[in-house]
Amino acid sequence: MGVREVPASIGQRLLWFLEHYRPDSASLNCPVVCRLHGPLDVGELQIALDRLAARHEALRTTLVRQGRNLVQHVHDPAPVRVRHVDLPDPDEETLGGAVAAEVRDNVDVSEWPVRVTLWRLGPDEHVLSVNMHHLVSDAWSCGIIVQDLIRLLEAGPDGEPDLTPIGWQYPEFAQWQHELMTRGELKPHQDYWTGQLTGLTLPDVPMRELDPQAPRRSYLEAETIDRETFNRLRLLARTERTTLFTVMLSLYYLILQRETGSTDLAVASLFANRSRREVQSTVGFFANMLMLRTRIPLGASFREVVQATRRTVVDAFLHEGIPYQMLPVRFQTNGRRADDVVFQMLLTPPPGTKVTARGVDFDLYVPEALRSRFGLELGLIPQPGGDCRALLFYDDQFDPEWARAFLTDYVALAVRAAGAPDRRPQPDPV
């Protein structure tokens, strides 16, 4: 099998350096899991997977350390190895346990970046897992993989699917990024972030002291923002000429302000980092972690908070190519990680979305066993019915009772803010 060696991207080197020695390596898994309902032709699925891997170089790229450097090894196309497991007529607990074991088992990217498992539940019932290492994928890439796989399967073994052309493969992006750095073209972005983040203090949320070497367990709380509330928040976003991400982040700021009393708030968030047209349909690790810092006066109305947050998000988008880990800035951390408090708006196909290919329904869902590699992460997933699922991932640093109350308060604030975005909060009685 032929191998082409290319340098790792900036993001890959940072992620590898930051996470390589952490004990919870399975948090770097990036799985796509689908329930398949219908008469699946396993042979045609194999061909579609083979064509998918041939189309995207990242799905056949291993990463290895050479001295102090991290390099990518791009392998020639080859048949995808699929692990077939018979699990006849399982109950939900048995199935959930099987999926949980798979998504929690770390993918060794030095051996192969993708592990595919197909569980057969019955003649017309299967579960497919495409479990990737985060160094070769991200949330946006997961959406591309689902879309391409369904179109390849629908086209059939000999058909030509209607796929969006790929401008750059991931190694081409990495090379372009290195050239920008060599020419000094990333410096204006670095200067912006240095000015934006100097003097930043992380939110002082209540956290417990833990052994830094001990593995962290991740937990999940879930709530739903009802359709009427979510529609009102969507309308507010349109009125303020901004995005749902901005509006929902504004709610997060307000809850953090209530917890900390601070008017200077910073939250970490992963940005897609795909502003160039050439990478819109490319699978790979593009996402950058950015620190979104916004100053919010006490007593501001929700609309005013949205307006302030909009400026933060627009500027961050214009400078999204630089992750905060590259900056010569030291935060006032109080012994905490900058990414202990994270906000995400997940706009990949939401759980419950069904797409049909050759008579087979692909039902996407997020396994409850999926871990977050951050301390406290709020993820919002718009649902097909118009409501929004709010998922709060947290680890042992946070008290479960506090985490449940935090998420409940977030949803309650969403209802109040959507109903009266111009109302100012009443001051607490003396």
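Note that the structure is a prediction, hence the values are computed from the model and not measured. Nothing fancy with the numbering, it's 1 onward along the sequence.
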Working note: Val146 + Ile150, criterion side-chain contact (heavy atoms from CB on, under 4.5 Å); need CA distance, chi angles, decisive distance, verdict. CA-CA 6 Å; Val146 171; Ile150 289 172; 3.8 Å; yes
Contacts of Asp124 meeting side chain to side chain contact (heavy atoms under 4.5 Å, CB included) (sequence neighbours excluded), chain-then-number -> Pro39
Sorted by chain and number, sequence neighbours left out, side chain to side chain contact (heavy atoms under 4.5 Å, CB included) with Asp138 holds for His134, Trp140, Ser141, Arg274, Phe285, Phe286, Ala287
Flag side-chain contact, heavy atom, 4.5 Å: [X] against [Y]:
{"X": "Ser269", "Y": "Leu249", "result": "no"}
{"X": "Ile10", "Y": "Leu186", "result": "yes"}
{"X": "Val114", "Y": "Val107", "result": "no"}
{"X": "Arg83", "Y": "Arg115", "result": "no"}
{"X": "Leu392", "Y": "Leu376", "result": "yes"}
{"X": "Thr263", "Y": "Arg295", "result": "no"}
{"X": "Asp315", "Y": "Gln196", "result": "no"}
{"X": "Thr229", "Y": "Arg232", "result": "no"}

Hey, is the main chain of [Y] close enough, under 3.5 Å, to the side chain of [X] for a donor-acceptor pair?
{"X": "Gln169", "Y": "Glu57", "answer": "yes"}
{"X": "Glu125", "Y": "His37", "answer": "no"}
{"X": "Glu221", "Y": "Ala403", "answer": "no"}
{"X": "Gln12", "Y": "Leu135", "answer": "yes"}
{"X": "Glu320", "Y": "Asn273", "answer": "yes"}
{"X": "Ser301", "Y": "Glu304", "answer": "yes"}
{"X": "Asp339", "Y": "Ala268", "answer": "no"}
{"X": "Arg389", "Y": "Ala222", "answer": "no"}
{"X": "Arg55", "Y": "Ile166", "answer": "no"}
{"X": "Gln46", "Y": "Val80", "answer": "yes"}

Tell me whether the rings of Trp176 and Trp168 are parallel (<30°), tilted (30 to 60°) or perpendicular (>60°). tilted
How far apart are the closest heavy atoms of [X] and [Y], and which atoms are they?
{"X": "Asn131", "Y": "Pro31", "result": "OD1-CB, 3.5 Å"}
{"X": "Ser137", "Y": "Ile145", "result": "OG-CD1, 4.5 Å"}
{"X": "Phe230", "Y": "Gly386", "result": "CD2-O, 3.4 Å"}
{"X": "Ala266", "Y": "Met291", "result": "CB-CE, 4.1 Å"}
{"X": "Cys142", "Y": "Met132", "result": "SG-CE, 4.0 Å"}
{"X": "Val283", "Y": "Ala58", "result": "O-CB, 3.2 Å"}

When you check the gap from the basic side-chain N to the acidic O, do Glu44 and Arg358 get nearer than 4.0 Å? yes
Indicate yes or no: does Asp264 engage Arg293 in a salt bridge with an N to O separation below 4.0 Å. yes
Measuring from atom [atom1] of [X] to atom [atom2] of [Y], what distance do you get when rounded to the nearest 0.5 angstrom?
{"X": "Leu380", "Y": "Met248", "atom1": "CG", "atom2": "CE", "answer": "5.0 Å"}
{"X": "Gln72", "Y": "Tyr170", "atom1": "CD", "atom2": "OH", "answer": "6.0 Å"}
{"X": "Gln344", "Y": "Ile381", "atom1": "CD", "atom2": "CD1", "answer": "10.5 Å"}
{"X": "Asp363", "Y": "Leu128", "atom1": "CG", "atom2": "CG", "answer": "12.5 Å"}
{"X": "Leu251", "Y": "Ile225", "atom1": "CG", "atom2": "CD1", "answer": "7.0 Å"}
{"X": "Leu265", "Y": "Glu259", "atom1": "CG", "atom2": "CD", "answer": "11.5 Å"}

Can Tyr252 and Val267 be said to form a side-chain contact (heavy atoms from CB on, under 4.5 Å), step by step? CA-CA 9 Å; Tyr252 201 39; Val267 170; 3.8 Å; yes
Derivation of the side-chain contact (heavy atoms from CB on, under 4.5 Å) call for Thr62 and Ser110: CA-CA 5 Å; Thr62 55; Ser110 67; 5.8 Å; no
Let me see the working for Asp361 and Thr356 under side chain to side chain donor-acceptor pair (under 3.5 Å), right down to the final yes or no. CA-CA 4 Å; Asp361 287 335; Thr356 300; 2.5 Å; yes
For Tyr253 and Thr294, which I'm curious about, is there any donor-acceptor pair between the side chains at under 3.5 Å? yes
Under 3.5 Å, is there a donor-acceptor pair linking the side chains of Thr243 and Thr246? yes
Checking side chain to side chain donor-acceptor pair (under 3.5 Å) against His56, which of Thr61, Asp148, Thr282 comes through? Asp148
Within a radius of less than 6.0 Å around [atom1] of [X], do more than 12 heavy atoms belonging to other residues, nucleotides or ligands occur?
{"X": "Asp422", "atom1": "CG", "answer": "yes"}
{"X": "Arg208", "atom1": "CZ", "answer": "yes"}
{"X": "Arg227", "atom1": "CZ", "answer": "no"}

Dump the intermediate steps for side-chain contact (heavy atoms from CB on, under 4.5 Å) on Leu202 and Asp340, then the final yes or no. CA-CA 9 Å; Leu202 300 178; Asp340 269 332; over 6 Å; no
Which of Phe245, Phe317, Tyr324 passes ring-ring contact (aromatic ring centres under 6.0 Å, His included) with Phe271? It is Phe245
Considering the options Trp402, Phe398, Tyr394, which one meets the ring-ring contact (aromatic ring centres under 6.0 Å, His included) requirement together with Tyr219? Tyr394
With sequence neighbours excluded, residues passing salt bridge (Lys or Arg N to Asp or Glu O under 4.0 Å) with Arg151: none
